Amino acid sequence: MKINENTLLEGHNAVLVPYNAEHVPRYHEWMKSPDLQQLTASEPLTLEQEYDMQKSWREDDDKCTFIILDKQRWADTSVEEEQCMVGDVNIFLTDPTDPSLAELEVMIAEPSHRGKGIGKEVTRMMMSYGVTKLGVKKFEVKIGLDNQVSVAMFKKLHFQEVSVCKVFKEVTLEMMVDEPVRARLLDDTADMKERDYRQTCSNRQDLVSQ
């Protein structure tokens, strides 16, 4: 999506930035992992295909993608941005007849950053962005049956299980964004800061110290 091409979202432990071409090589290395391919139901791509995918996601009106950065590492200006990458988070507007329905995907690709609450934090950040900027009123997630960690996380975030597909070995969970849910979500992300990505890129340390 073009809407977030210059948007940076800052949370407590994570920073979300647009998925740019310089992120592709690291992302490509992640997706060589059979475990990540299984967890994300993805097929391995060549590096050239990965660059094409990045460009497509930037241009398409039905996909909104952020790269997840480790905030503490990003504060160190001697560390390149791509070395701060720990995963990605996506919103897909899957129904052309209902732009308020969004499928949510979160991937913490770096094993050392799993189990630290980053997935929950960036999910809330992305949901808040989806509700306030994209007009999302219903979120859906599809998770492999063997990925019980993710299933448990979304249930803690008040998603409800609605179906299990044994053929594709996945479970679908949903959340309707009514007024109480919206209020809770905005309250949970009240400290999230939205910034101009290009302006903050060259001044990371000042960003985190504010």
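We count residues from 1, following the sequence as given. All of these numbers come straight from a predicted model, not from anything done at the bench.
- Glu29 has a carboxylate O that lies under 4.0 Å from a charged side-chain N of Lys32, or vice versa, which qualifies the two as a salt bridge.
- At a cut-off of 3.5 Å, with distance as the only test, a side-chain donor of Asp95 or Thr97 sits close to an acceptor on the other residue.
- The environment of CG in Asp61 is sparse: at most 12 heavy-atom neighbours from other residues, nucleotides or ligands sit within 6.0 Å.
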Start with the C-alpha gap between Ser33 and Asp35, add the side-chain angles, then the distance that decides, and say whether side-chain hydrogen bond (donor to acceptor under 3.5 Å, both in side chains) holds.
CA-CA 5 Å; Ser33 162; Asp35 289 341; 4.8 Å; no
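- The main-chain N or O of Gly11 is found under 3.5 Å from a side-chain atom of Lys71 such that the two form a donor-acceptor pair.
- Annotation: side chain of His158 is not in contact with side chain of Val181 (no heavy-atom distance under 4.5 Å).
- Each of Lys116, His113, Gln83 was evaluated against Asp70; a single residue qualifies, His113, per the side chain to side chain donor-acceptor pair (under 3.5 Å) test.
- Separating the OG atom in Ser163 from the CD atom in Glu170 is a distance of 8.0 Å, to the nearest 0.5 Å.
- Side-chain atoms of Glu103 and Phe139, non-hydrogen and from C-beta on, never get closer than 4.5 Å to each other.
- A salt bridge links Asp60 to Lys63: one of the charged nitrogens lies within less than 4.0 Å of a carboxylate oxygen.
- Ring geometry for Tyr129 against Phe66 counts as perpendicular: the plane angle is over 60°, on a 0 to 90° scale with 30° as the lower cut.
- In this structure, a donor-acceptor pair under 3.5 Å is present between the side chains of Asn20 and Tyr197.
- Tyr51 is listed as a side-chain neighbour of Pro25, based on a closest heavy-atom distance under 4.5 Å.
- Of the possible polar contacts, none joining the Thr189 side chain to the Met192 backbone as a donor-acceptor pair under 3.5 Å is found.
- Between the side chain of Arg58 and the backbone N or O of Tyr19 there is at least one donor-acceptor pair closer than 3.5 Å.
- Using the six-membered ring where Trp is involved, Phe92 and Trp57 have ring planes that are perpendicular, over 60° apart on the 30 and 60° scheme.
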For the pair Lys142 and Glu105, evaluate salt bridge (Lys or Arg N to Asp or Glu O under 4.0 Å) and give the outcome as yes or no after the intermediate values.
CA-CA 8 Å; Lys142 296 180 180 180; Glu105 281 188 1; over 6 Å; no
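- Salt bridge absent: Glu179 and Arg184 never bring a charged side-chain N and a carboxylate O closer than 4.0 Å.
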